[in-house]
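Down below is the structure, laid out as structure tokens.
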Amino acid sequence: MLQIYNTLSRQKEFFRPIHEGHVGLYVCGPTVYGDAHLGHARPAITFDVLYRYLMQLGYKVRYVRNITDVGHLEHDADEGEDKIAKKARLEQLEPMEVVQYYTNRYHRDMEALNVLPPSIEPHASGHIIEQINFVQKILDKGYAYVSEGSVYMDVEKYAKDFPYGKLSGRNLEQIKTETRELDGQAEKKHSYDFALWKKASPEHIMHWPSPWSEGFPGWHMECSTMGTKYLGEEFDIHGGGMDLMFPHHEAEIAQSCAALGHDTVHYWMHNNMITIAGKKMGKSYHNFITLEQFFKGEHELLTKPFSPMTIRFFILMAHYRSTVDFSSSALEAAEKGFARMQETYGRLMKIQPAETTSVEVAGLRERCQEAMDDDLNTPIVLQHLFDSAKAINTIADGKGTIAAKDLEELRSVWKTYAMDVLGLRLEETAGVDTNTEAYKKAIDLLLNLRLEAKQNKDWATSDKIRNELTSLGFAIKDTKDGFEWSL
RNA sequence: GGUCGGUUGCCCGAGUGGUUAGGGACCGGUCUGCAAAACCGGGGACAGCGGUUCGAAUCUGCUACCGACCUCCA
């Protein structure tokens, strides 16, 4: 039975959905004002694996992952200005043009990483009315106040009735002493009150009418609003990066409890950070590498380009709650490991069944499931797959045999766990058009000629064919009864 | 300063009171016309000092170092 680590209780809990057979899953998506970097790939892949595994377990999953295109206040010189709007003016574009541009690029990167699209991908800008209604509900309950056209959460009042800070392990007293005084906050009662609605300054270009002012929603509002709109007042799982725990998720809990009077989320899941030289990769650290840079190898820290599947494999090699440190050498190791897995899969598909099974293949499916059930322990799943890779290669080498039934099961487990659950593309996904078919046959023809030359012990011809192909970028491997090649 | 987490072999990274993690690198072997691949074997590890225990990398205390959050952040 699936166990997941719940940040609320700080321990692994058995997963029990609210509605039998159905799971509601909400994950904080990207703010589309820049290209996605390696850090963005972590939650995307982590929760993609969760989504895939829940479906594998037979659940009907509604997966909501938002696009944040309004509502992120900046706290530097451009106090109160919306991030999207700032970038838009900088580049002389319409705000929604920027949003569309980076959303398209995000989708492209996610598809390359084989991250499935969510069931619903709502935009914050498309839910302004719902957010206004949500703010009004909190006002009606008396947990917020209007000041100078903005609406703020009355954290002190809220904390009297609800445990503010329970997710991040803080209490109001701590928060009071910790919260930094920022400029231009005179209109708030307390520095730790956060904005539910923010009045737009005159030069601000992204704003909407509301009962309080021409303005825009506060930066935690969208998740409370869209989560409950699409998944209900109570839903199963909310995911996101650990760095969002405070204040974002804490504020989200407060907003929902204030408006609805009860908790919304049953299981909070947080993925850990990707670090670079031990430091969190992030925009403000100026140490991030975009996914596109990885795919193209265009970054000073990269020795070469890395394929999207290498990135995915690299991320799955570590447990999602551990930090994972990026380095080019670690990626190269992942690349080789993934290549090995791919080759093994290719051999698995070609193996011919025998009368009996001489290798150890039993129990693989159960071991993989056990690992996934243990809070999505993907490194252990990979370990089991690599263990079975040895058996597969032994058979492919002609040093072992496998019965038809066992072979079928082995293929099924690989397909289920490596491809469907972990989302690794082990087959060449290049379209099978006539061009590539013809070209493949041409290579086969050349290699068959080489085989003949070898049989005639014409090493000169044999080596010429192999060396020429190698220099063109092909990898030629001789096998027991022929050859294998790849580009 | 507060809260939380981490420190595992050459590298990346699982694990968890006694039994091989896995991948990469490296060394030796098998196979092979050569090469590659594959397979077999190998060395090496649990930050330091105490405690609990028959037994601790695993539980506990302290020390050291590192990081995350406390501000936008995946």
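The model shown is predicted, which means the values in this text are computed figures rather than measured ones. In the text below, chain A, chain B and the rest are named by the order of the sequence lines, each starting its count at 1.
Across all strands, A:K457 comes closer than 4.0 Å to no nucleic acid atom at all (heavy-atom distances). Among the protein residues, A:M341 comes within range of no part of the nucleic acid, since none of its heavy atoms lies under 4.0 Å from any strand. At a threshold of 4.0 angstrom between heavy atoms, the contacts of A:V27 with the nucleic acid are absent. Looking at heavy-atom distances under 4.0 Å, A:G39 makes contact with a base. As judged by a 4.0 angstrom heavy-atom cut-off over every strand, A:H37 is placed among the base-contacting residues. Looking at heavy-atom distances under 4.0 Å, A:I274 makes contact with a base. Within 4.0 Å of A:M245, counting heavy atoms only, lies no atom of the nucleic acid at all. Within the 4.0 angstrom heavy-atom criterion, only backbone atoms of the sugar-phosphate kind lie near A:D325; the bases stay farther away. Residue A:F338 is classed as having no contact, given no heavy-atom separation below 4.0 Å to the nucleic acid.
Nucleotides B:C34 and B:G15, compared at atom P, are 44 Å apart to the nearest Å. Only the P atoms considered, B:U8 is 14 Å distant from B:G67, to the nearest whole Å. Using P as the reference atom, B:A35 and B:C66 are 49 Å apart when rounded to the nearest Å. Going from the C1' atom of B:G51 to that of B:G13 covers 30 Å, rounded to whole Å. Atom name C1', nucleotides B:U71 and B:A14: the rounded distance is 35 Å, in whole Å. Nucleotides B:G48 and B:U53, compared at atom P, are 23 Å apart to the nearest Å. Comparing B:U32 with B:A74, their C1' atoms sit 50 Å apart, to the nearest whole Å. With P as the reference atom, B:G24 and B:A37 are 11 Å apart, rounded to whole Å.
A close approach under 4.0 Å does not occur between any side-chain nitrogen or oxygen of A:S168 and OP1 or OP2 of B:U3. For A:S322 and B:A14, the shortest distance from a side-chain N or O to OP1 or OP2 is below 4.0 Å.
In the set B:C12, B:C69, B:A21, the nucleotide with an atom closest to the side chain of A:A330 is B:C12. If you check B:G2, B:U71, B:A21 against the side chain of A:P379, the one that comes closest is B:A21. Of the listed nucleotides (B:G13, B:G22, B:A74), B:A74 has the atom at the smallest distance from the side chain of A:K280. Considering only the side chain of A:K279, B:A68 comes nearest among B:A74, B:A68, B:A21. Comparing atom distances between the A:K336 side chain and each of B:A74, B:A21, B:A25 picks out B:A25 as nearest. The side chain of A:I380 lies closest to B:A14, out of B:G22, B:A68, B:A14. Candidate nucleotides B:U3, B:C73, B:C69 were compared by shortest atom distance to the side chain of A:Y285, and B:C69 ranks first. The side chain of A:F314 sits closest to B:C12 out of B:C70, B:C12, B:U3. Closest approach to the A:R10 side chain among B:G67, B:C4, B:C69 is made by B:C4 (side chain taken as heavy atoms from C-beta onward).
By the 5.5 angstrom centroid cut-off and the 30-degree plane limit, A:W459 is classified as stacked against the base of B:G33.
Under 3.5 Å, the side chain of A:S462 and the base of B:G33 form at least one donor-acceptor pair of N or O atoms.
Residues A:K336 and A:E332 are not paired through a salt bridge, judged by the lack of any N-O separation under 4.0 Å between the basic side chain and the carboxylate. We find that A:K176 and A:E173 are joined by a salt bridge, their nearest charged nitrogen and carboxylate oxygen being less than 4.0 Å apart. The existence of a salt bridge linking A:E250 and A:K166 is excluded, since no basic side-chain nitrogen approaches an acidic carboxylate oxygen closer than 4.0 Å.
Pair check for B:U3 finds B:A68; Watson-Crick or G-U wobble, both atom distances under 3.5 Å. Pairing for B:A47 is with B:U63, a Watson-Crick or G-U wobble pair whose two hydrogen-bonding atom distances lie under 3.5 Å. Shown here, B:U52 forms no base pair; nothing in the strands shown gives a Watson-Crick or G-U wobble contact with both key distances under 3.5 Å. Look at B:A36: it lacks any Watson-Crick or wobble partner with both distances under 3.5 angstrom.
As a whole-Å value, the separation of A:M281 CE from B:A68 P is 13 Å. In this structure, A:I315 places its CD1 atom 17 Å from C1' of B:A14, rounding to the nearest Å.
Note: A:H40 and A:F288 fail the aromatic proximity criterion, with ring centroids not under 6.0 Å apart. For A:H220 and A:F194, the gap between ring centers is short of 6.0 Å.
Using a 30° and 60° split on the angle between ring planes, A:W268 and A:H238 fall in the parallel class, below 30°. Between A:Y230 and A:H127, the ring planes lie perpendicular to each other; the angle is over 60°, past the 30° to 60° tilted range.
If you run salt bridge (charged side-chain N to carboxylate O under 4.0 Å, His left out) between A:R450 and each of A:D458, A:D478, A:D444, only A:D478 comes through.
The cationic group of A:R170 lies under 6.0 Å from the six-membered ring centre of A:F246 and within 45° of the ring axis, placing it in a cation-pi geometry.
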Note to self: Using a 4.0 Å heavy-atom cut-off to protein, can you give one letter per nucleotide of nucleotides 34-40 of chain B, 5' to 3': B if the base is in contact, S if only the sugar-phosphate is, - if neither?
What the structure shows: BBBSBSS

